[in-house]
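First up is the structure itself, then whatever we jot down about it.
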Amino acid sequence: MAFDAEIRAALIEQVRRFVTEKCVPIEAKVGEEDEVPQEIVDEMKNLGLFGIAVPEEYGGLALDMETEALVAMELGETSPAFRSVAGTNIGIGSQALVLFGTDAQKERWLPGIASGDLIASFALTEPEAGSDAGSLTTKAIRDGDHYVLNGTKRYITNANKADLFTVMARTDPDTPGPKGVSAFIVERDTPGVTVGVPEKKMGQQGAHICDVIFEDARVPAENMIAGEGEGFKVAMSVLDKGRLHISAVATGVSKRLIREMVNYALERQQFGKPIMQHQMIQAMIADSQAETYAAECMIMDAARRRDAGEDVTLLASSTKLFATEACGRVADRAVQVFGGAGYVSDYGIERFYRDVRIFRLYEGTSQIQQVIIARELARAAKAGRL
Ligand code: COS
């Protein structure tokens, strides 16, 4: 649904206030305690954040991609762990259902996902299948009106809180690669499903990733999303959208860090004047601003094109590559502008530096985005569309 400008502005303002008043003051606490407090989660539910990408008939806000990106950018202006609380419900955990689910599947799960009462996770990655997602080995073998799942998924965001997983598993063991893969909704309380302990991570404390293990887990055949063998395409379509969302979160962080840099550089004096007046500091801040603005323009353009019905695989990967790499450079410069203070926890800059590193890894590494960009360009050239 295209969003009325006034409603959109009010929503963005609400999210901005939530971020500045509720999240920013407790960033350090969340980082130290590795947990987002329940009252913040409840407030996110009240704001409707869990359901921003769910259709209205299932209780969501049904934001278009452009508005979702604006919301994600606002959420990016604080520790990314806050966004992650609702991140999988907004993105990879819900979108297979939204894009490919049957009416019955949508009616069953989307209202809970939209309200935040059900947490949804996306289980694609495995110990031996990361970038080469099509080589996954988790099996789903048909047995009557069920599929029996066996295998291990790795680094699954929000798995410890999840009520249901979108699981990609191989229904045809004789067909290697992407074609033998199907997608399922698997409920957490299915016998044979175990969730591992959260991994200790470099950053984003408060957001958790775990293994999910399937041992003879019987999943009703009616939980399959799209048809048999369609699971890889389902996953890739979900990731196209997810990559735009992550680009927006990363760019939100970049904007926050630019503000932190400017404010600090105006206060901090060296050589008898604020360091903002030193040209080498100016250069770092100016490059950060130019790159962040470029990323923002890419996100908005790609989002609008997606809303207009265009295939945005090329643009989503181009945007994720640029926006997340730019965010990494911005965070690095922020440490540099803050100097020794950038390395000390009290200022929070070192935490952001650690937090943003994952942006260049998850939902496809920068190198995978380059592979996709090259592949899409070659495809377009062969089809005479370049
Ligand atoms: N949308 C819809 N369909 C897509 C698609 C997309 N974005 N990308 C690929 N497909 C389709 C292809 O068209 C192909 O279908 P056909 O055989 O009918 O032509 C099928 O999916 C297989 O695609 P492809 O041959 O390109 O698969 P590859 O094994 O070469 O893998 C990459 C492609 C590397 C792009 C994929 O494995 C990938 O994205 N890896 C990264 C995974 C990732 O992001 N992991 C993060 C986990 S979530 S935090």
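Heavy atoms only: backbone and side chains are in, while hydrogens, waters and symmetry mates are out. Model, not experiment: these values are computed from the prediction. Counting starts at 1 for both ligands and their atoms, following the listed order.
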Item to complete: Output yes when R333 and E291 qualify as a salt bridge under the 4.0 Å nitrogen-oxygen rule, no when they do not.
Response: yes
Fill in: Polar side chain donor-acceptor pair, E126 to T137, under 3.5 angstrom
yes
Discussion item. Over 60° means perpendicular and under 30° means parallel, so tell me whether Y264 and F338 are parallel, tilted or perpendicular.
Written reply: parallel
Worksheet item: Residues in side-chain hydrogen bond (donor to acceptor under 3.5 Å, both in side chains) with S237, at least two apart?
Response: none
Could you check ligand 1 for N or O atoms lying under 3.5 Å from protein N or O atoms and list the pairs with distances?
residue  : atom   : partner : partner atom : Å
ligand 1 : 7 (N)  : D240    : OD1          : 3.3
ligand 1 : 7 (N)  : D240    : OD2          : 2.9
ligand 1 : 7 (N)  : T313    : OG1          : 3.4
ligand 1 : 17 (O) : K179    : NZ           : 2.7
ligand 1 : 18 (O) : K233    : NZ           : 2.9
ligand 1 : 26 (O) : R375    : NH1          : 2.5
ligand 1 : 37 (O) : S131    : O            : 3.3
ligand 1 : 39 (O) : R243    : NH2          : 3.3
ligand 1 : 40 (N) : S131    : O            : 2.8
ligand 1 : 44 (O) : R243    : NH2          : 2.8
ligand 1 : 44 (O) : G364    : N            : 3.0

Discussion item. Can you confirm whether more than 12 heavy atoms, excluding those of F18, are under 6.0 Å from its CZ atom?
Written reply: yes
Discussion item. With a sphere of 6.0 Å drawn around OH of Y362, does it hold more than 12 non-hydrogen atoms of other residues, nucleotides or ligands?
Written reply: yes
